[in-house]
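Below, each value reflects all heavy atoms present in this structure, side chains not excepted, and no hydrogens, waters or symmetry copies.
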Amino acid sequence: QIASGFCLGFIEIIKCRCVSVLRFKDSRMDDVWLVDFYAPWCGYCKKLEPVWQEVGAELSRSGSPVRVGKMDATAYSGMASEFGVRGYPTIKLLKGELAYNYKGPRTKDDVIEFANRVAGPAVRSLPSRQMFEHVLKRHSVLFLYVGGESPLKEKYTEVASELIVYTYFFSASEDVLPESVTLHELPSVLVFKDGTYFTYDEYEDGSLSSWVNRERFQSYLPIDGFTLYELGETGKLVAIAVTDEKDLTELKGLIQRVAAEHRDQFNRDFQFGHMDGNDYINSLIMGEVSVPSIIILNTSNEQYFLPAEPVEDLQQLLQFFSSVLDGSAPAYGGDGFLQRIKRVAYDARSTVMSVFRSSPLLGCFLFGLPLGVISLMCYGICMAESEDDTELMKRDGFTDEEEDEGEEEEQQRLTAGAEDTGEEDEDAEKINQKSPSEKKVD
């Protein structure tokens with residue numbers, strides 16, 4: 001029954017056990033659960049099903065404490081609402097009273113990495129330099145607290161509990177660090193990325209949570225549709241070099257130089273990267289971006305910026321970035337009412353075009369059939385009104401010919417009446433012209 005999807009409770013993957021929802025709710029605090037909230041009719045949920053089975057099998061083989069299950073959120077909407085489920089499928093890791101939402105790619109490796117990261121401690125200790133070097137090789141971005149107990153460590157632990165869904169957090173003593181790392185004071189929080197490290201400064205960088213959120217990506221990286229909105233959650237503008245896979249221009253190199261050589265000037269406000277091809281960008285801005293080119297996106301309000309002329313050297317690129325920051329560069333797009341209407345129309349047009357490109361016959365059927373039905377309905381309504389008018393005339397005793405004959409008779413009567421009136425007027429005039437004696441004889 002479980003394999004056929006007839007279980008109306010909570011299904012635990014691998015053990016193939018159907019557990020009542022109430023029992024799961026009462027006992028889940030004792031375990032770490034990775035749960036897929038799905039809808040039986042959801043196509044994306046069906047696509048996730050084989051991946052979910054692989055995730056459960058792999059975590060079970062590796063001895064992970066994470067238990068994997070799935071729940072029909074349409075059958076148990078109340079419980080789904082308690083966990084903040086608003087779409088399907090929704091993947092959540094339930095750990096005690098906390099529920100962590102997974103937003104990454106729905107692949108086996110990514111889901112397993114998320115589960116192992118979040119299921120463990122928020123801050124992991126590095127006891128030796130060898131362990132530190134091993135971890136540094138495995139992670140492109142690594143946050144590290146150095147020092148003993150302090151208010152800063154308490155803040156660091158709170159931030160780690162909140163943002164562990166995105167990255168790992170570690171702690172170590174000062175002697176674990178290599179000699180190339182110099183600390184001006186203890187305790188300190190560092191981020192290792194881009195082949196170097198940066199130290200958190202509360203006065204310059206603001207809150208620790210905001211700093212970690214801004215620094216959790218490499219300064220320059222390849223960007224796709226999923227990564228773009230992940231970058232947008234950092235609060236930064238996203239500067240993208242739109243290039244072709246075979247493009248040999250220096251545009252990528254120019255942006256990489258800005259990211260590395262002008263970090264102090266632009267890192268707080270910009271995230272840098274490149275995207276191969278312009279199809280995704282064109283659909284995003286509902287326009288056409290040439291290749292190669294530079295575009296800056298503000299994902300918070302859907303605005304974008306384009307240089308007034310093609311960028312050919314580093315100085316032009318720096319001036320463009322500066323003009324965006326000081327507000328002199330014109331902003332396009334946005335999330336206003338007109339733009340939303342334009343977006344709806346653009347998405348509808350894109351959907352229709354994609355259907356006709358992929359299957360012309362299917363497109364003709366999907367869109368031609370409704371139009372044909374509507375046309376027949378309109379024709380039927382018009383014909384019904386015409387027949388009703390004819391029936392009403394028949395009910396009143398008239399046809400078109402009878403009505404014409406009646407009009408002719410009426411006209412003849414009016415003409416005859418006018419002639420009779422004329423004769424009476426002539427007789428009266430003759431009488432008036434007679435003498436009094438003749439009138440008396442008459």
Side-chain angles (χ1 to χ4, degrees), residues 1-122 158 160-167 225-226 229-230 232-233 344 347 351:
Q1 286 184 336
I2 293 174
S4 301
F6 296 134
C7 176
L8 296 179
F10 180 87
I11 302 175
E12 182 176 359
I13 306 299
I14 301 307
K15 292 185 179 180
C16 292
R17 184 172 60 184
C18 184
V19 183
S20 72
V21 172
L22 292 178
R23 182 180 175 186
F24 161 73
K25 187 176 181 181
D26 293 337
S27 62
R28 77 167 186 85
M29 301 292 289
D30 302 328
D31 297 296
V32 179
W33 282 94
L34 183 66
V35 183
D36 167 29
F37 293 89
Y38 70 97
W41 44 261
C42 172
Y44 293 106
C45 301
K46 295 176 182 178
K47 187 177 181 180
L48 178 64
E49 178 63 25
V51 176
W52 202 245
Q53 294 292 336
E54 294 178 2
V55 168
E58 181 64 27
L59 289 174
S60 178
R61 280 196 300 266
S62 64
S64 172
V66 180
R67 301 174 70 178
V68 182
K70 64 178 184 177
M71 179 184 294
D72 183 351
T74 61
Y76 294 93
S77 57
M79 175 150 308
S81 298
E82 288 183 25
F83 292 117
V85 176
R86 293 180 175 83
Y88 311 113
T90 293
I91 299 173
K92 286 183 176 288
L93 188 135
L94 310 178
K95 182 180 177 183
E97 296 181 353
L98 301 176
Y100 295 94
N101 195 26
Y102 177 67
K103 300 179 180 179
R106 298 186 187 117
T107 63
K108 184 189 77 171
D109 293 339
D110 288 305
V111 174
I112 290 175
E113 197 273 339
F114 164 80
N116 289 329
R117 180 175 72 246
V118 179
E158 292 176 3
S161 300
E162 175 189 355
L163 300 179
I164 195 172
V165 292
Y166 298 119
T167 187
F226 171 77
Y229 281 92
E230 283 288 295
E233 291 183 359
V344 171
D347 290 342
T351 301

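- A heavy-atom distance below 4.5 Å is not found between the side chains of V55 and D36.
- Counting heavy atoms from C-beta on, the side chains of W52 and V111 come closer than 4.5 Å.
- Here the closest heavy-atom approach between residue K108 and residue V51 is recorded as N-CG1, 3.7 Å.
- The line from CE of M79 to CZ of F37 is 8.0 Å long, rounded to the nearest 0.5 Å.
- Remark: I164 CD1 to F114 CZ distance equals 9.5 Å, nearest 0.5 Å.
- Put simply, the side chain of S77 never gets that close to the backbone of T74: no donor and acceptor are under 3.5 Å apart.
- Side-chain contact between F83 and L94: present, with at least one pair of heavy atoms (C-beta onward) separated by less than 4.5 Å.
- Looking at Y102 and L34, their side chains never come closer than 4.5 Å, going by heavy atoms from C-beta outward.
- Evaluation of the side-chain contact (heavy atoms from CB on, under 4.5 Å) rule for D109 yields no partner, not counting sequence neighbours.
- Y88 and W41 have perpendicular rings, their planes meeting at more than 60° on a 0 to 90° scale where under 30° would count as parallel.
- In terms of modelled atom types and a separation under 3.5 Å, the side chain of W33 and the main chain of K92 share no donor-acceptor contact.
- Taking CZ of R106 as the start and CG of L48 as the end, the distance is 6.5 Å to the nearest 0.5 Å.
- Of the residues E54, E58, R117, the one that meets the side chain to side chain contact (heavy atoms under 4.5 Å, CB included) test with I112 is E58.
- Minimum interatomic distance between A119 and V66 (heavy atoms only, all atoms of both residues): CB-CG2, 3.4 Å.
- Taken from OH in Y100 to OG in S161, the straight-line distance is 5.5 Å, to the nearest 0.5 Å.
- Without hydrogens or angle criteria, S60 side chain to A57 main chain gives no donor-acceptor distance under 3.5 Å.
- Side-chain contact between Y166 and K103: present, with at least one pair of heavy atoms (C-beta onward) separated by less than 4.5 Å.
- Interatomic distance, Y76 OH to D72 CG, rounded to the nearest 0.5 Å: 8.5 Å.
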